[in-house]
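A quick write-up on the structure given underneath.
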Amino acid sequence: MTNAHERASAAYQRSFGRDHAQAARAPGRVNLIGEHIDYCGGHVLPMAIDRDCVAVGGVHGERVRVYAADLHEWLECDPGELHDANRFEGWRAYAAGVLAFTFEAMRERPRGFEIVIASDVPLGAGLSSSAAFEVSLTTLLAGLMGQSLDAWEVARLCRRAEHEYARVPCGIMDQAIAAMARRGHAMLLDCETERVVGHMPMPSGDDVSLLVVDTRVRHAHSGGEYAARRAACEAAARALGEKNLCEARLAHLDALTQEWRAIARHVVSENQRTLAAAEAMKAGDWSGLGRLMNESHDSLRDDYRVSCAELDTVVDAARAAPGVWGARMTGGGFGGCAIVFAPAVAMPEIRERVTREFRARFARDCGTLYAHASAGAALIS
Ligand code: GLA
């Protein structure tokens, strides 16, 4: 099968009858730990995976022409129309927002160009296909205009496109890791100050140590649940007199209603677990990291309530397999993917077992892939 770069290049040639001038890539991600706390000013520990979204393009003509090669769909408009957030829906809203804000960041008036996008990040699987799409598009457009934007500026303008055009009230994690990941490392991010605390080395060598299991249950975060959790966190923080819920103390949560207390307990304890996980990584304590990942999943399942039967089945099956360090859901939840962290030698058996138990329970297959820590967005030379 061809990869995203080949598909995008071939589709560009077919659509426009010439070669593209520039290409850019940005990766999907898993989150090792630190879930649902980026929008509460917490610490998160995502890792870019070796699955990319690739955008290729050239500056030609008067119109904006963007082709999503995997979907066989076009976005066509006049450059001036990009500023109208209400004109666009679905993937076109993401694209239009990112393009409008990238021109703004470059202090350039929107102009015509041709772009083709293809992606190897599974869509809507909780592996941050949207951020990979956004960041690859920004990187390409800046490249086409001969500009280089600061990575944080890229992350922020892409998040703004999600908020204002796609109407998804996401945090900064996905865009930040897509823009700034370092190969072979996970990244510890402080979402309160918006800075990279450090790049944490993953187990070295070619050892596969991360299995991604896709439940193939799809969930769109523009739907109610994600926004409802975020609103509950903000309300709980206000009730406690804190700017961010992560700053609250566990001992003070009794003042909250039962529902908010559970939500706050997840947020506060998840932030602590993430900091402990970074320490474990520094010490090369992989089983310690795995234990924290397990606790994270349990907290998301029981207190934050964003897991589902399919994710729990994968996690339980993985944890029962010999040699597993830890397993948890990753990303927004309500479906999508779980990750299993274990020594490479144990992986084939774990994969077999998880696949078998998933099929026995749901009478269909889950998807699996091994993930390696990859680098953040860049132009492809
Ligand atoms: C989605 C959002 C992120 C983050 C995660 C949950 O991926 O885009 O900002 O909130 O969910 O950790």
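We count ligands from 1, going down the list as the structure has it; atoms in each ligand are counted the same way.
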query: W91 vs F133 aromatic rings, parallel, tilted or perpendicular, using cut-offs 30° and 60°?
result: perpendicular
- prompt: Counting each atom of ligand 1 from 1 as listed, which ones have a heavy atom of M173 under 4.0 Å away?
  reply: 4 (C), 5 (C), 12 (O)
message: Determine whether a donor-acceptor pair (N or O, by modelled atom type, separation under 3.5 Å) exists between the side chain of R87 and the backbone of E81.
response: no
task: Can you label the angle between the Y226 ring and the H36 ring as parallel, tilted or perpendicular, going by 30° and 60°?
output: tilted
- request: Check whether V66 and M106 end up in the same hydrophobic cluster, where Ile, Leu, Val, Met, Phe, Trp and Tyr are linked by side-chain heavy atoms less than 4.5 Å apart.
  value: yes
- request: Please state whether the rings of H185 and H199 are parallel, tilted or perpendicular, taking 30° and 60° as the class boundaries.
  value: perpendicular
message: I need the atoms of ligand 1 closer than 4.0 Å to a non-hydrogen atom of E35, numbered in the order shown.
response: 6 (C), 12 (O)
query: Which atoms from ligand 1 have a heavy atom of D38 less than 4.0 Å away?
result: 3 (C), 4 (C), 9 (O), 10 (O)
query: Considering distance alone, does some N or O of G171 sit under 3.5 Å from an N or O of ligand 1?
result: yes
- request: Using distance alone, determine whether R29 and ligand 1 share an N or O pair under 3.5 Å.
  value: yes
task: Would you check whether Y39 has a nitrogen or oxygen atom less than 3.5 angstrom from a nitrogen or oxygen atom of ligand 1?
output: no
- request: Kindly indicate, with the supporting measurements, whether the criterion side-chain hydrogen bond (donor to acceptor under 3.5 Å, both in side chains) is fulfilled by T355 and R351.
  value: CA-CA 6 Å; T355 309; R351 181 179 182 160; 5.6 Å; no
query: Short list, please: which atoms of ligand 1 are under 4.0 Å from a heavy atom of G332?
result: 11 (O)
